Amino acid sequence: MELAKTAPDTKKMRREAGAWLKELRGKASLSQIELAEMLGLKYYTFISQVENGFGRVPTESMETWSRALGQEASAFAKKLLSYYDPELYRLLFEVKK
């Protein structure tokens with residue numbers, strides 16, 4: 001049985017997810033304020049927190065985020081799952097040999 005991911009691993013993966021989201025936001029030519037407005041967020045600082053790995057995109061808003069960033073919802077959610085819960089991602093999507 002494998003040991004659970006350590007906190008540093010989780011932090012690292014969240015930072016990587018944040019960097020990916022920031023890259024998508026840049027490709028969409030959106031500022032953090034503009035993205036926050038599109039998402040109906042009161043404060044743009046949540047975008048900053050997510051991009052810096054201190055938060056995560058809530059599951060219930062992944063589809064809204066994907067649309068705002070010009071991404072297909074299923075692929076967007078799958079990619080985030082690979083960062084936020086890599087073990088579940090592995091169980092669901094690992095190619096069996």
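Predicted model, so just to flag it, every value in this text is computed and none were measured.
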Going by the rule side chain to side chain contact (heavy atoms under 4.5 Å, CB included), which residues pair with Ala36 if we only count those two or more places apart in sequence or in a different chain?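 For Ala36, the residues satisfying side chain to side chain contact (heavy atoms under 4.5 Å, CB included) (neighbours in sequence not counted) are Leu41, Tyr44, Ile47.
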State which residues pass side chain to side chain contact (heavy atoms under 4.5 Å, CB included) with Ser31; sequence neighbours excluded, sorted by chain then number.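 Side chain to side chain contact (heavy atoms under 4.5 Å, CB included) list for Ser31, sorted by chain: Ile33, Glu34.
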Which residues share a salt bridge (Lys or Arg N to Asp or Glu O under 4.0 Å) with Arg25, sequence neighbours left out: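 Glu51.
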What pairs with Lys27 under salt bridge (Lys or Arg N to Asp or Glu O under 4.0 Å), at least two apart in sequence or on another chain?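 Lys27 satisfies salt bridge (Lys or Arg N to Asp or Glu O under 4.0 Å) with Glu23 only.
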From [atom1] ([X]) to [atom2] ([Y]), nearest 0.5 Å:
{"X": "Ser82", "Y": "Trp20", "atom1": "OG", "atom2": "CH2", "result": "8.0 Å"}
{"X": "Tyr84", "Y": "Met13", "atom1": "OH", "atom2": "CE", "result": "10.5 Å"}
{"X": "Lys12", "Y": "Glu16", "atom1": "NZ", "atom2": "CD", "result": "4.0 Å"}
{"X": "Lys79", "Y": "Leu24", "atom1": "NZ", "atom2": "CG", "result": "9.0 Å"}

Could you tell me which residues satisfy ring pair (Phe, Tyr, Trp, His ring centres under 6.0 Å) with Tyr89, sequence neighbours excluded, listed by chain and number?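 Result, ring pair (Phe, Tyr, Trp, His ring centres under 6.0 Å) vs Tyr89: Phe93.
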Can I get a per-line list of side-chain donor-acceptor pairs under 3.5 Å for residues 53-71, giving both atom names and the distance, sequence neighbours left out?
| unit_1 | atom_1 | unit_2 | atom_2 | d |
| --- | --- | --- | --- | --- |
| Ser61 | OG | Pro58 | O | 3.2 |
| Ser66 | OG | Glu63 | O | 2.6 |
| Gln71 | NE2 | Leu69 | O | 3.4 |

Give a yes or no on whether the backbone of Ser48 and the side-chain of Asn52 come within a donor-acceptor separation of less than 3.5 Å.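 A pair under 3.5 Å: yes.
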If you apply the rule side chain to side chain contact (heavy atoms under 4.5 Å, CB included), what do you find for Leu21 with Phe76, and how did you get there? CA-CA 10 Å; Leu21 290 165; Phe76 180 82; 3.6 Å; yes
